[in-house]
Amino acid sequence: MGGGDRVSVLRTKPIKDVIAQGEVDGSDGQLGLKRRLGAVDLTGFGIGIVIGTGIFTLTGIEARDSAGPGVVISFAIAGVVALLAALCYAELASSVPTAGSAYTYAYATMGEIVAWIIGWDLLLEFALGAAVVARGWSGYLAELLDLPTRWFGEEGSTVNVGAIAIVLILGIVAIVGIRESARITNLLVLVKVAICVFVVVAGLFFVRAANLTPFIPPAEPAGSGDDGIKQPVTQALFGLEPSVFGFVGVLSAAAVVFFAYTGFEAVANLGEETRKPKRDLTLGLLGTLLISTVLYIGVSLVVVGMVPYTEIDRGAPIASAFESVGAGWAAVLVSIAAVAGLTSVILVDLVAMGRIGFAIARDGLIPPSIAKVHPRWGTPYRISAIMTVAVALLAGLLPLSALADLVSIGALCAFVLVSMAVPILRRRRPDLERPFRVPFSPVLPIVSALACFYLMLNLSVETWLRFLAWMLLGALIYFGYGYRRNRLARAS
């Protein structure tokens, strides 16, 4: 259905309009962004958000609670699924370079209501991701500098001052300019990639074969607290007894550690700010996933090889692993890298949120006045400021660790829709220039969509219920405002 279909929630945005919007120069305050980024900047942004919470926290939690040494396989599975989705992103991003990534792709292929769902979904993913990581950053800083846990800790604090402060500071950086954000991110990426390589090389000297046996511990019944809405959807649907470890545990861990890979889509959100998007977006997306997956597998293998999985620390698995073998100096380096790593994650989350909100507001699904681009900084400063304040409040006031799985389910839902968009757009617009093409289409996009959906089913029933509640709130906003006030509706 075309853009002139007034009443249909499946009206689509013409590709020519999407491309035309991406060519608008935002220097005079119009609804366009300045092109200032290259392939190295995009890869830096991607690694900046991907290498963070997953490698510094989730390794220990999932190894100890779900997969044992098999968490290495979990990271590999999640990496392969993310790479499949990244291939689909690369085709769409190079063909239609624009802000909003998956939201805009859905608007051009599957219709307005699907676009709104995915845009609302992505706002949830990045907002919660930034807030959770900000609280983790505050805790690492408190441990490193011996700061009072009342204001910087997760337990016993009413207001987490550290989390609020870091979000507001990085929010200002994101608003002032994309080049400044890129420079800071690239510097932080160099620090934490260097530390990750150090962890792998130094940790190999302390790996013991006994700690890697059995590589996949035999399945065993889960604790009483893991039944009901706490168990994965797959176990609830088929009436299986809740269990951990075994290959089921490896798959459950893969669904959770997928959180660690979700940020790569932030690269696709920078399409309008890339100097050569048809080439550099593909390089940035695939480069991010390949480098991050190699680092994740290497670090997780070293950690489970240094310490028996039953003794891995849930909060700081890498640092505690080095402490357990008498290398306390290395633990300090890891803590410093964690602070740097989590800083870049928060910054890229905030940048991505601003671009998604900008794309939605520009289309009129939320008030377009908040999409104004600053004439000097070249960034969507109003929507970025609103998002920064919202994340700061979430990070400062709410213990969000229980909601971290929502980041995974939000990203996986987006990846399912992006994978489906590739064959749909090929059929509707076979004439569209595609600098990068997903091989073996439509088979590979279909495999990507099914793999992402299967990982979604390995998340808990509780996570699904919270996700559906957020989607219901989004539906109320869409039908209450965006359905009749967006640009396509007004044009018709």
Student: Check for a donor-acceptor pair, side chain of W464 on one end and backbone N or O of I409 on the other, with a separation under 3.5 Å.
Tutor: no

Student: Dump the intermediate steps for side chain to side chain contact (heavy atoms under 4.5 Å, CB included) on L123 and I360, then the final yes or no.
Tutor: CA-CA 10 Å; L123 289 178; I360 297 174; 4.2 Å; yes

Student: Any side-chain to backbone donor/acceptor pair from S74 onto V250? Under 3.5 Å, distance only.
Tutor: yes

Student: Could you check if a side-chain atom of F436 sits within less than 4.5 angstrom of a side-chain atom of L281, using non-hydrogen atoms only?
Tutor: no

Student: Determine the minimum heavy-atom distance between I346 and A134, stating which atoms define it.
Tutor: CD1-CA, 3.6 Å

Student: Let me confirm one number: the CD1-CD1 distance from I383 to I356, rounded to the nearest 0.5 Å.
Tutor: 10.5 Å

Student: Can you run down the side chain to side chain donor-acceptor pair (under 3.5 Å) pairs that involve residues 409-427, sequence neighbours left out, and say none if there aren't any?
Tutor: E91-R426, S419-S448

Student: Please name the pair of heavy atoms, one in A489 and one in Y483, separated by the smallest distance, quoted to 0.1 Å.
Tutor: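 Minimum heavy-atom separation between A489 and Y483: CB-O, 3.7 Å.
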
Student: Quick one: are E112 and Y478 in side-chain contact, heavy atoms under 4.5 Å?
Tutor: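 Answer yes - side chains close enough.
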
Student: I'd like to know if the side chain of N486 and the backbone of L488 have a donor-acceptor N/O pair within less than 3.5 Å.
Tutor: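 Judged by distance alone, yes, a pair lies under 3.5 Å.
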
Student: Using every non-hydrogen atom in the two residues, find where A82 and L289 come nearest and quote the distance to one decimal.
Tutor: CB-CD1, 3.5 Å

Student: Below 4.5 Å, heavy atoms only, C-beta onward: do V447 and V443 meet side chain to side chain?
Tutor: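 Yes, their side chains come closer than 4.5 Å.
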
Student: Partners of T388 by side chain to side chain donor-acceptor pair (under 3.5 Å), sequence neighbours excluded?
Tutor: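 Listed in chain order: nothing, the list is empty.
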
Student: Taking C-beta and beyond as the side chain, do V345 and W137 meet within less than 4.5 Å on heavy atoms?
Tutor: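 Contact flag for V345/W137 side chains = no.
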
Student: Is there a side-chain contact between I118 and M110, using heavy atoms and a 4.5 Å cut-off?
Tutor: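 A side-chain contact is absent here, since even the closest heavy-atom pair is not under 4.5 Å.
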
Student: Is M387 close to L350 at the side-chain level, that is, under 4.5 Å between some pair of heavy atoms?
Tutor: no

Student: Testing the basics here: between G79 and T293, what is the closest heavy-atom pair and its distance to 0.1 Å?
Tutor: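 Looking at all heavy atoms of both residues, the closest pair is CA-OG1, 3.9 Å.
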
Student: Looking only at heavy atoms, which two atoms of M420 and A449 are closest? And how far apart?
Tutor: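 Nearest heavy atoms, M420 then A449: CG-CB, 4.3 Å.
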
Student: Yes or no on side chain to side chain contact (heavy atoms under 4.5 Å, CB included) for L465 and E462, after CA distance, side-chain angles and deciding distance?
Tutor: CA-CA 5 Å; L465 293 176; E462 183 179 35; 5.6 Å; no

Student: Are any side-chain N or O atoms of R490 and backbone N or O atoms of R485, one a donor and one an acceptor, separated by less than 3.5 Å?
Tutor: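 Indeed, once roles are kept as given, a pair shorter than 3.5 Å links the two residues.
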
Student: R382: what forms a salt bridge (charged side-chain N to carboxylate O under 4.0 Å, His left out) with it, not counting sequence neighbours?
Tutor: none

Student: Can you establish whether the number of heavy atoms outside F453 located under 6.0 Å from its atom CZ is more than 12?
Tutor: no

Student: Kindly compute the distance separating SG (C452) from CG (L457), expressed to the nearest 0.5 Å.
Tutor: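 The distance works out to 11.5 Å.
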
Student: Could you check I113 against I117 for side chain to side chain contact (heavy atoms under 4.5 Å, CB included), going step by step and ending with a plain yes or no?
Tutor: CA-CA 6 Å; I113 185 64; I117 289 172; 4.3 Å; yes

Student: Side chains of T379 and V176: closer than 4.5 Å at any heavy-atom pair?
Tutor: no

Student: May I ask you to check whether F258 and F415 place their ring centers less than 6.0 Å from one another?
Tutor: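 Ring-ring flag for F258/F415: true, centres closer than 6.0 Å.
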
Student: Determine whether L286 and L83 make a side-chain contact, defined as any pair of heavy atoms from C-beta on separated by less than 4.5 Å.
Tutor: yes

Student: Would you say the side chains of D280 and T274 form a donor-acceptor pair under 3.5 Å?
Tutor: no

Student: As an exercise, state the distance from CD1 of I366 to CH2 of W120, rounded to the nearest 0.5 Å.
Tutor: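 Answer rounded to 0.5 Å: 8.5 Å.
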
Student: Test V391 against F126 for side chain to side chain contact (heavy atoms under 4.5 Å, CB included), laying out the working first.
Tutor: CA-CA 9 Å; V391 172; F126 284 109; over 6 Å; no

Student: Starting at CH2 of W116, measure out to OH of Y107 and round the result to the nearest 0.5 Å.
Tutor: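 Nearest 0.5 Å value for the CH2-OH distance: 10.5 Å.
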
Student: Of all the heavy-atom pairs spanning L122 and A414, show the shortest one and how long it is.
Tutor: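 Reported closest heavy-atom pair: CD2-CB, 3.9 Å.
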
Student: Within this structure, what is the OG-CZ distance for the pair S441 and R434, rounded to the nearest 0.5 Å?
Tutor: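 So the OG of S441 and the CZ of R434 are separated by 9.0 Å.
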
Student: Measuring from T109:OG1 to L92:CG, what's the distance to the nearest 0.5 Å?
Tutor: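 That separation rounds to 7.5 Å.
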
